[in-house]
2 protein chains.
Amino acid sequence: MREQKLGTHDCIQLVPIFKQLTTVELQQVSAIVHEHVYEKGETLFNAGDEANQLTIIAAGQAKVYQLAANGREQLLYLLQSGDFDGEAALFNPVTRTSYAEALVPTQVCSIQRSDFQTLLARAPQLALGILNEFGKRISQLEGKATSVTTSSIGGRLADYLVETAASFPAQTMFTLPLQKKEIAVYLGTTPETISRKLNEFQTAGWLKKGHGNQIAILDADQLALQD
Amino acid sequence: MREQKLGTHDCIQLVPIFKQLTTVELQQVSAIVHEHVYEKGETLFNAGDEANQLTIIAAGQAKVYQLAANGREQLLYLLQSGDFDGEAALFNPVTRTSYAEALVPTQVCSIQRSDFQTLLARAPQLALGILNEFGKRISQLEGKATSVTTSSIGGRLADYLVETAASFPAQTMFTLPLQKKEIAVYLGTTPETISRKLNEFQTAGWLKKGHGNQIAILDADQLALQD
DNA sequence: TTACACACTTGATCCAAATCAAGTTTACTT
DNA sequence: AAGTAAACTTGATTTGGATCAAGTGTGTAA
């Protein structure tokens with residue numbers, strides 16, 4: 001795959017929270033955005049860092065891990081183009097409790113707290129876009145917190161698969177975007193269990209495993225019915 | 001305990017998201033706020049309802065339960081004075097996936113979506129207060145999602161106890177604000193397990209059980225170290 | 001004060017999933 | 001194409017916590 005270079009203007013247009021802005025306002029945004037391209041495996045930010053900027057994924061993909069008190073870590077988000085993180089930093093100086101790593105070469109736009117506050121005063125409707133994104137993220141997290149305590153591993157894996165498959169054509173083979181080890185961390189289980197459950201689902205005729213990390217969903221409805 | 005009646009103006013001043021507003025703006029808010037007092041056990045809103053308002057707890061306490069696909073439920077929030085819910089409703093019409101119930105007689109301020117949008121256009125700095133609250137809630141949910149998958153029941157219970165005890169003087173007896181059954185639902189476990197873990201903690205000398213639902217934390221540090 | 005309904009506790013059993021331990025593939029390097 | 005390290009699979013065993021089943025408190029209403 002060839003890496004696609006994007007100009008600053010294009011980069012910003014991609015980001016949903018800037019959708020409501022006029023051309024003039026977009027230019028103001030361009031002026032305060034810093035861009036950086038991270039290589040695969042590079043760290044976007046670290047736990048313990050003082051967070052003072054909003055980090056927006058312009059192109060690429062990054063994993064965000066949260067560190068628990070006992071040292072274990074939990075994969076919180078898989079950031080795609082247009083997603084952002086660090087929003088808490090925009091109002092108060094806080095210390096990050098998570099760290100992020102680029103999964104593939106990733107282009108990032110970042111905005112400093114002070115710049116952001118100036119911008120927000122000038123373009124208040126920007127707040128609407130952010131509120132909207134926040135709302136979505138809260139719903140997503142509420143769902144995750146609920147499913148983790150009310151469903152079995154099988155159910156959570158099934159949900160994850162159906163969700164992930166949604167961005168591919170129905171019934172076709174696709175490659176899982178994460179390794180089994182990482183899916184396991186994301187769902188709060190182990191690679192062994194993922195392996196076994198996938199076999200069960202295949203035996204039941206709900207999916208088909210292919211080479212490497214490829215699978216095809218055959219019966220999304222049955223999968224979704226799993227507890 | 002005597003129920004305290006509050007006027008509309010007082011009610012609104014209590015709410016953190018309205019803190020940044022001027023007196024004039026507060027009056028505009030007053031004009032669009034609807035107030036209602038719910039009795040203990042009454043339903044504030046139901047899953048399946050179309051959500052079209054922001055619900056703010058002015059005085060009292062309410063539980064918010066999220067319903068999982070398989071019918072099980074999860075206690076998501078214990079709303080206190082000043083907390084709000086339904087924020088997703090302020091931008092898009094959505095169907096609620098949670099329901100809320102008053103724990104004690106509870107005074108609620110609500111704002112309709114259309115009214116809110118008009119207000120926001122007139123007082124954009126209101127968005128800042130909301131963004132701030134959203135940020136806090138996201139952090140809280142991230143923490144919960146993480147602890148549920150990385151800690152054992154003992155660790156989660158210990159965290160819950162230490163957190164809850166934080167609002168009482170150190171080392172003294174206090175009454176848990178929820179029944180064991182509800183603590184169990186909140187932590188994703190059962191009353192039996194709560195009972196047993198509390199005994200373990202008492203045997204270890206980290207806390208002391210009293211009458212009814214009373215406990216005293218003796219060694220918060222040791223509790224916090226629990227996995 | 002008695003009675004009745006709940007909340008809570010305690011014990012016995014069971015089970016889903018973690019852990020431990022080899023193998024086997026897959027994919028990358030030279 | 002061969003060599004190696006990592007990812008994955010499969011099997012055996014263990015275990016934390018759920019579930020089931022009696023009890024014992026506790027608070028409330030007559």
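Worth saying up front: this structure is predicted, and the values here are computed from it rather than measured. In the text below, chain A, chain B and the rest are named by the order of the sequence lines, each starting its count at 1.
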Report the distance from atom [atom1] of [X] to atom [atom2] of [N], rounded to the nearest whole Å.
X        : N      : atom1 : atom2 : value
B:His211 : C:dT9  : NE2   : P     : 12 Å
B:Leu178 : C:dC8  : CG    : C1'   : 15 Å
A:Leu187 : C:dA18 : CG    : P     : 10 Å
A:Glu200 : D:dT9  : CD    : C1'   : 14 Å
A:Glu192 : D:dA12 : CD    : C1'   : 13 Å
B:Leu198 : C:dA7  : CG    : C1'   : 14 Å
A:Gln214 : C:dT26 : CD    : P     : 12 Å
B:Ile194 : C:dC8  : CD1   : P     : 10 Å

(request) Check the side chains of B:Thr149 and A:Gln74 for a donor-acceptor pair under 3.5 angstrom, ignoring hydrogens and angles. (result)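 Per modelled atom types, A:Gln74 and B:Thr149 side chains form a pair under 3.5 Å.
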(message) Under a plain distance cut-off of 3.5 Å, with no hydrogens placed, do B:Gln80 and B:Gln61 share a side-chain donor-acceptor pair?
(response)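 Yes, because at least one side-chain N or O of B:Gln61 sits under 3.5 Å from a partner of the opposite role on B:Gln80.
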(request) Could you label the plane-to-plane angle of the A:Phe134 and B:Phe134 rings as parallel, tilted or perpendicular, counting under 30° as parallel and over 60° as perpendicular? (result)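 Answer is parallel, since the angle falls under 30°.
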For [N], take OP1 and OP2 only and decide whether either is under 4.0 Å from a side-chain N or O of [X].
X        : N      : result
B:Asn213 : C:dA7  : no
B:Ser195 : C:dC8  : no
A:Lys197 : C:dA17 : yes
B:Thr193 : D:dG16 : no
A:Asn199 : D:dT9  : no
A:Lys180 : D:dA7  : no
B:Lys209 : C:dT9  : yes
A:Thr190 : C:dA18 : yes

(message) Donor-acceptor pair, distance only, cut-off 3.5 Å: does the side chain of B:Thr172 make one with the backbone of B:Phe168?
(response)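 Such a contact is absent between B:Thr172 side chain and B:Phe168 backbone.
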(request) Determine yes or no for a side-chain-to-main-chain donor-acceptor pair under 3.5 angstrom, with B:Glu133 supplying the side chain and B:Ile130 the backbone. (result)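 Side chain of B:Glu133 to backbone of B:Ile130, a donor-acceptor pair under 3.5 Å: no, none is there.
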(message) Base, sugar-phosphate or nothing for B:Gly154? Non-hydrogen atoms, less than 4.0 Å.
(response)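 Contact class for B:Gly154: none.
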(message) With a 3.5 Å cut-off and heavy atoms only, can you find an N or O donor on one side and an acceptor on the other between the side chain of A:Arg196 and the base of D:dG11?
(response)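 Flag set: donor-acceptor pair detected.
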Side chain of [X] only, heavy atoms from C-beta on: which candidate in [options] is closest?
X        : options               : answer
A:Ser152 : C:dA7, C:dT19, C:dA17 : C:dA17
A:Lys181 : C:dA17, D:dC8, D:dA21 : D:dC8
A:Gln179 : D:dA21, D:dA7, D:dT9  : D:dA7

(request) Please determine if A:Arg137 forms a cation-pi arrangement with A:Phe84, meaning its NZ or CZ atom is less than 6.0 Å from the six-membered ring centre and no more than 45° off the ring axis. (result)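 Yes, A:Arg137 and A:Phe84 form such a contact.
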(request) Please figure out whether A:Gly212 or A:Ser151 has its closest DNA chain C nucleotide nearer the 5' end. (result)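 With A:Ser151 and A:Gly212 compared, the 5'-side residue is A:Ser151.
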